[in-house]
Number of protein chains: 2
Amino acid sequence: MAQDRSATRERILDTTAELFRRYGYTGTGLKQIVANANAPFGSVYHHFPGGKVQLGEEVIRRSGQMYLEIVLAVLDAAPDLLTGIADAFMGAAEVLRATDYIDACPVATVALEVASSNDTLRQATADVFDTWIDAVTARLSAAGIASDDARRLAMVLIELIEGGFLLCRAARTTQALEAAGSAAVAVVRAALESSID
Amino acid sequence: MAQDRSATRERILDTTAELFRRYGYTGTGLKQIVANANAPFGSVYHHFPGGKVQLGEEVIRRSGQMYLEIVLAVLDAAPDLLTGIADAFMGAAEVLRATDYIDACPVATVALEVASSNDTLRQATADVFDTWIDAVTARLSAAGIASDDARRLAMVLIELIEGGFLLCRAARTTQALEAAGSAAVAVVRAALESSID
DNA sequence: GTCTATACTTTGATAGAC
DNA sequence: GTCTATCAAAGTATAGAC
């Protein structure tokens with residue numbers, strides 16, 4: 001649809017994603033969104049008839065997909081899986097420092113906010129995490145880890161980076177993410193070694 | 001101070017903590033708080049002259065301390081460290097299921113919301129996490145893990161449970177927390193074994 | 001069909017009645 | 001010193017001018 005490719009619509013989506021990362025879902029107002037996107041207020045309801053919830057859902061799914069692509073690109077650029085995992089955690093820490101501890105996971109803040117308050121948005125965050133788990137599971141399986149172990153391990157890797165983001169944003173240090181990266185490499189290495197037996 | 005022991009004040013603190021877990025900081029209104037606490041609106045500003053920020057800060061620190069005590073009680077009740085860690089993760093999963101996926105970490109949602117928007121509250125969450133890291137580090141050290149390893153490991157354990165809470169609340173399943181618990185036991189066991197050498 | 005103006009609700013906060 | 005009434009601002013949403 002031509003509507004979906006509207007430049008205004010894209011600007012609203014990008015601006016909303018950026019504001020969600022800083023202020024979360026409840027903390028971001030529609031007025032703030034249109035002001036930052038240089039769009040008239042009515043354009044929100046023109047492009048998103050479902051209002052804030054529809055806009056929020058699209059931003060969650062879109063941000064989740066974009067972030068996954070970035071992480072997978074880092075993994076693919078590395079010579080091997082363990083190096084790729086280490087690079088992903090180090091890269092996340094660098095971005096965090098470079099953006100004054102703003103750009104972490106684009107979904108986590110909203111996910112916790114809506115988990116017990118809006119089921120449509122909760123489901124969107126659940127779908128995003130599920131996509132991530134599937135993608136990481138596939139990479140682990142391809143490296144030779146048994147598929148049921150791989151899925152549990154994929155969840156652990158995502159938990160480590162999300163927990164790392166949380167502690168690092170609060171403390172404004174990247175130590176926790178470095179610890180998470182080391183642990184991530186260690187658990188995957190252990191799984192690779194046990195799969196050889 | 002007699003004011004600090006006021007029953008109304010306590011009710012406001014408890015109610016706010018509960019609402020923060022469900023709706024986060026921005027999503028919880030002062031009017032909603034006084035309504036749930038059966039308190040007149042003015043009592044908020046009587047007991048908390050600094051308004052919502054002062055109330056929020058007290059709730060963050062108080063919730064952080066209470067939650068730490070609960071977790072330490074679980075660890076102390078177990079015959080050994082590894083069992084205690086497994087119990088803590090299992091217990092967290094049980095509480096999550098029993099409370100319809102509401103009662104997870106009382107600090108994480110607020111921490112992500114305020115990390116880039118209110119430095120007073122961000123600092124409060126940072127202090128809470130630091131207290132947690134110190135307490136867990138002490139338990140790991142007491143079990144024979146070298147102190148610098150122990151601190152990194154403590155961060156990893158907290159990251160695993162926080163990441164587990166995030167994925168579980170979104171998916172409304174406790175699989176991710178079970179995976180986190182297994183990984184937590186595995187990394188601590190590995191640290192204990194290497195400390196024997 | 002793009003955008004402005006406005007409706008209506010709720011927000012955090014304050015003043016003052018009693 | 002407990003509580004009510006009200007404030008200005010910001011929240012989402014809608015109606016209608018052009």
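Chain letters run A, B, ... following the sequence lines, proteins first, then strands; residues in each count from 1.
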Would you mind telling me which residue lines up with the more 5' stretch of DNA chain D, Gly51(A) or Pro40(B), judged by nearest nucleotide?
Pro40(B)

Give the minimum heavy-atom separation between [X] and [Y], together with the two atoms involved.
X: Thr174(B); Y: Ala93(B); result: CG2-O, 3.6 Å
X: Glu113(A); Y: Tyr25(A); result: OE1-N, 2.6 Å
X: Glu57(B); Y: Leu121(B); result: N-CD2, 3.5 Å
X: Ser116(A); Y: Arg22(B); result: CB-O, 4.0 Å

List, with names and distances, any nitrogen or oxygen atoms from the protein found under 3.5 Å away from nitrogen or oxygen atoms belonging to nucleotides 6-11 of chain D.
from, atom 1, to, atom 2, distance (Å)
dG11(D), N7, Lys31(A), NZ, 3.1

Any ion pair linking Arg62(A) and Asp127(A) (charged N to carboxylate O, less than 4.0 Å)?
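Here Asp127(A) does not pair with Arg62(A) in a salt bridge, since their nearest N and O are not under 4.0 Å apart.
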
One thing to verify: whether Arg11(B) and Asp14(B) come together as a salt bridge, which I'm taking to mean a side-chain N less than 4.0 angstrom from a carboxylate O.
no

Distance in Å, Arg61(B) CZ paired with Thr125(B) OG1, rounded so as to fall on 0.5 Å steps:
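Between atom CZ of Arg61(B) and atom OG1 of Thr125(B) there are 9.0 Å.
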
With rounding to the nearest 0.5 angstrom, report the CD to OG1 distance, Glu58(A) to Thr16(A).
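Rounded to the nearest 0.5 Å, the CD-OG1 separation comes to 10.0 Å.
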
Rounding to a whole Å, what distance do you find between [X]:[atom1] and [N]:[atom2]?
X: Arg9(A); N: dT2(C); atom1: CZ; atom2: C1'; value: 16 Å
X: Phe48(A); N: dG1(C); atom1: CZ; atom2: P; value: 18 Å
X: His47(A); N: dA13(D); atom1: NE2; atom2: P; value: 17 Å
X: Ile33(B); N: dT10(C); atom1: CD1; atom2: C1'; value: 14 Å
X: Leu121(A); N: dT12(D); atom1: CG; atom2: P; value: 13 Å
X: Gln54(B); N: dG12(C); atom1: CD; atom2: C1'; value: 14 Å

Any idea which of dC3(C), dG12(C), dT14(D) is nearest the Tyr45(B) side chain?
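The closest nucleotide is dG12(C).
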
Find every protein N or O atom lying less than 3.5 Å from an N or O atom of nucleotides 15-18 of chain D, and list the pairs.
none

Would you please classify the geometry between the Phe129(A) ring and the Trp132(A) ring as parallel, tilted or perpendicular, with 30° and 60° separating the classes?
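Perpendicular.
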
Could you tell me whether the phosphate oxygens of dT2(C), OP1 or OP2, come under 4.0 Å of any side-chain nitrogen or oxygen in His46(A)?
yes

